[in-house]
Amino acid sequence: MSKRGENIYKRKDGRWEGRYRKGRNKEGRIIYGYVYGKQYNETKEKLSKKNADYSIRSETSAPEEMMVDEWLNYWLNILMKNRIKPSTYSNYRGRIQRHLSPFFKNKQLSTLETADIDKFIYSLYRSELSSNSIRSIISMLRSALKKAVNDNKISKNPCQGVLLPALSKREIKSLDKRQQKKLEQIALYKKECSAEVIALYTGMRIGEISGLKWEDIDFKNNKIFVKRTISRIPSVTEPHKTEIIIGKPKSINGERAIPISKNLKRYLMEKKQSSTSLYVISCKNSFTEPRIINYRFKKIVEESKIGQVHFHALRHTFATRCVESGIDIATLSKILGHASTKMTLDIYTDSLWETRRSAMMLIDRQLNYDERITL
DNA sequence: CGCAAATCAATCATGGAAGT
DNA sequence: ACTTCCATGATTGATTTGCG
């Protein structure tokens with residue numbers, strides 16, 4: 001009778017159906033061929049013949065003809081798809097389609113060498129991509145080729161040892177108190193609950209604010225639980241479409257609780273009264289997607305005349321204010337949802353130094369050197 | 001050998017352009 | 001006055017490297 005792995009199954013109509021691998025399509029999915037028979041053994045025989053045919057073929061010609069973009073699609077759609085988040089999948093797919101496939105069109109995987117990768121990087125340079133983007137394309141390519149080495153498709157990884165553009169150093173932008181005041185003045189008096197106010201007083205990310213529900217706020221214990229993140233990505237299934245992804249934290253570690261200050265609590269409670277939606281920031285009685293939050297944010301920024309800032313700067317602003325009020329780094333790290341304090345330290349070392357310096361200057365006033373003479 | 005710095009990999013944010 | 005699509009760019013967790 002039918003055994004696991006044979007790929008022979010009994011059909012509802014009484015016949016036996018066997019499947020064999022014919023090859024793979026452009027996306028890397030397996031294409032099956034089918035055989036049928038009234039008896040199990042009959043089907044098994046037919047199937048083994050087919051299998052013999054195709055295994056000979058794939059041993060001789062198929063492996064030689066594997067193209068670079070075939071491998072990439074196989075790597076992404078078969079090997080990676082279920083291991084990575086939809087947002088990452090979408091991102092990778094976009095980079096393959098837009099950059100890798102066109103450049104390595106008609107290039108055989110087995111002939112790929114380091115020089116090709118260097119040329120590719122050069123072409124990305126010329127298309128004026130930032131070094132960050134180039135790096136992320138190459139690092140994805142590197143992992144795909146690493147797997148190809150592992151599967152004996154190529155003997156060594158051509159990405160090994162390529163020279164990447166220098167990482168552009170990031171400069172954290174945050175609002176000073178004057179800018180913050182100006183922004184709040186407008187945001188606070190909006191009728192709807194303001195994403196900007198929440199960002200400035202919790203440090204939450206835009207996607208997290210987008211997914212925040214009233215039920216995530218524990219007014220009794222003054223806590224906000226971050227449980228969701230919303231983003232819109234190019235559709236995984238339908239081409240030329242996008243879709244909303246509501247990400248659930250994979251582990252309990254992904255979630256975090258943020259304490260609510262007194263004023264924020266008052267603000268939120270007031271807004272909750274007039275809210276009819278499950279979501280704190282609502283749009284048509286549902287969530288407000290990040291693009292819209294950003295759109296509204298930009299209008300407020302313009303109105304408040306504080307210059308050019310990104311929404312993410314509000315998160316930095318929150319952290320900076322925390323540091324200024326002398327918060328300890330471990331606490332801040334927890335609130336921001338960082339995995340370790342290392343990350344937090346890396347980003348905020350400078351502002352920590354600023355507050356230490358000004359603390360020193362305060363102390364310094366007490367030491368009046370001239371008075372020594374009169375003593 | 002232990003540690004932090006550097007780099008890689010995965011994920012999230014941004015905003016122009018065009019559509020409704 | 002948003003809303004959708006899409007490619008680029010930045011952030012952040014994980015791993016490797018390199019240095020005393």
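Protein chains get the first letters and strands the later ones, always in sequence-line order, with residue 1 at the start of each.
Counting non-hydrogen atoms under 4.0 angstrom, A/Ser133 reaches a base of the nucleic acid. Residue contacts for A/Thr88: at a heavy-atom cut-off of 4.0 Å it reaches a base atom on one of the strands shown. Looking at heavy-atom distances under 4.0 Å, A/Phe311 makes contact with sugar-phosphate atoms alone, never a base. Within the nucleic acid shown, A/Lys284 comes within 4.0 Å of sugar-phosphate atoms alone, with no base atom in reach, counting heavy atoms only. Residue contacts for A/Gly94: at a heavy-atom cut-off of 4.0 Å it reaches no nucleic acid atom on any strand shown. Heavy atoms of A/Leu167 sit nowhere under 4.0 angstrom from any nucleic acid atom.
A straight line from CZ of A/Arg93 to C1' of C/dA7 spans 13 Å, rounded to a whole angstrom. The CG-C1' distance, from A/Leu314 to B/dA13, rounds to 13 Å in whole Å. If you measure from atom CG of A/Leu345 to atom P of C/dG13, you get 13 Å, rounded to the nearest angstrom. Atom-to-atom, CD1 of A/Ile245 to C1' of C/dC6 comes out at 15 Å; the value is rounded to the nearest Å. Nucleotide B/dC8 holds its C1' atom 13 Å from the CD1 atom of A/Ile138, rounded to whole Å. The CD1-P distance, from A/Ile293 to C/dC2, rounds to 13 Å in whole Å. In this structure, A/Ile244 places its CD1 atom 13 Å from C1' of B/dC12, rounding to the nearest Å. Atom NE2 of A/His316 and atom P of B/dA13 are 12 Å apart (whole Å).
Between A/Arg98 and A/Ser340, the residue anchored nearer the 5' end of DNA chain C, judged by the nucleotide with its closest heavy atom, is A/Arg98. Along DNA chain C, the nucleotide nearest A/Thr242 and the nucleotide nearest A/Asn91 are compared for position; the residue whose nucleotide lies closer to the 5' end is A/Thr242. Nucleotides of DNA chain B nearest to A/Ser136 and A/Ala313 differ in position, and the one nearer the 5' end is that of A/Ser136.
In this model, the phosphate group of C/dA10 is approached by a side-chain N or O of A/Asn132 to a distance below 4.0 Å at OP1 or OP2. Taking side-chain N and O atoms only, A/His310 has no distance below 4.0 Å to OP1 or OP2 of C/dA10. For the pair A/His240 and C/dC6, the criterion of a side-chain N or O lying under 4.0 Å from OP1 or OP2 is met. Regarding contacts with the backbone of C/dC5, a side-chain N or O of A/Lys241 is found under 4.0 angstrom from either OP1 or OP2. Contact annotation: A/Arg315 side-chain N/O to C/dT12 OP1/OP2 distance is under 4.0 Å. Remark: A/Ser87 is in phosphate contact with B/dC12, judged by side-chain N or O atoms under 4.0 Å from OP1 or OP2. At least one side-chain nitrogen or oxygen of A/Arg142 sits closer than 4.0 Å to the OP1 or OP2 atom of B/dA9. Regarding contacts with the backbone of B/dC12, a side-chain N or O of A/Lys85 is found under 4.0 angstrom from either OP1 or OP2. Between C/dT8 and A/His99, a contact under 4.0 Å exists linking OP1 or OP2 to a side-chain N or O. When the side-chain nitrogen and oxygen atoms of A/Ser130 are compared with OP1 and OP2 of C/dG9, one or more of them lie within a distance under 4.0 Å. Between A/Arg205 and the phosphate of C/dT12, there is a side-chain N or O to OP1/OP2 separation shorter than 4.0 Å. Considering only side-chain N and O atoms, A/Tyr92 lies under 4.0 angstrom from the phosphate OP1 or OP2 of B/dA10. Residue A/Arg291 places no side-chain N or O under 4.0 Å from the OP1 or OP2 atom of B/dT14.
The aromatic rings of A/His316 and A/His312 stand perpendicular to each other, their planes meeting at an angle above 60°, with 30° marking the opposite boundary.
Contacts of A/Asp328 classified as side-chain contact (heavy atoms from CB on, under 4.5 Å), with partners at least two apart in sequence or in another chain: A/Ala330, A/Thr331.
Using a cut-off of 4.0 Å between Lys/Arg side-chain N and Asp/Glu carboxylate O, A/Lys181 and A/Glu184 are scored as not salt-bridged. Salt bridge annotation for A/Lys177-A/Glu324: present, with a cationic side-chain nitrogen under 4.0 angstrom from a carboxylate oxygen. Taking a cutoff of 4.0 Å between a charged side-chain nitrogen and a carboxylate oxygen, A/Lys227 and A/Glu255 do not qualify as a salt bridge. The residues A/Lys107 and A/Asp116 are annotated as salt-bridged, a charged nitrogen and a carboxylate oxygen being separated by less than 4.0 angstrom.
The base of C/dG9 sits with one of its N or O atoms less than 3.5 Å from a complementary donor or acceptor on the side chain of A/Arg95. Counting atom types as modelled, A/Arg135 pairs no side-chain N or O with a base atom of C/dG9 as donor and acceptor under 3.5 Å.
Considering A/Val309, A/Leu175, A/Leu183 as possible partners of A/Thr317, the one that fulfils the side chain to side chain contact (heavy atoms under 4.5 Å, CB included) test is A/Leu175. When each of A/Arg315, A/Arg256, A/Arg228 is tested with A/Glu208 by the rule side-chain hydrogen bond (donor to acceptor under 3.5 Å, both in side chains), just one qualifies, namely A/Arg256.
Distance from the side chain of A/Ile84 is smallest for B/dT11 among the nucleotides C/dT4, C/dA10, B/dT11. In this structure, the nucleotide among C/dA7, B/dC12, B/dA10 sitting nearest to the side chain of A/Thr229 is B/dC12.
Residue A/Glu243 qualifies as enclosed at atom CD: its count of foreign heavy atoms under 6.0 Å is above 12.
The distance between the ring centers of A/Tyr201 and A/Phe318 does not fall below 6.0 angstrom.
Within residues 157-166 of chain A, the residues that place at least one heavy atom under 4.0 Å from DNA chain B are, in residue-number order, A/Leu164.
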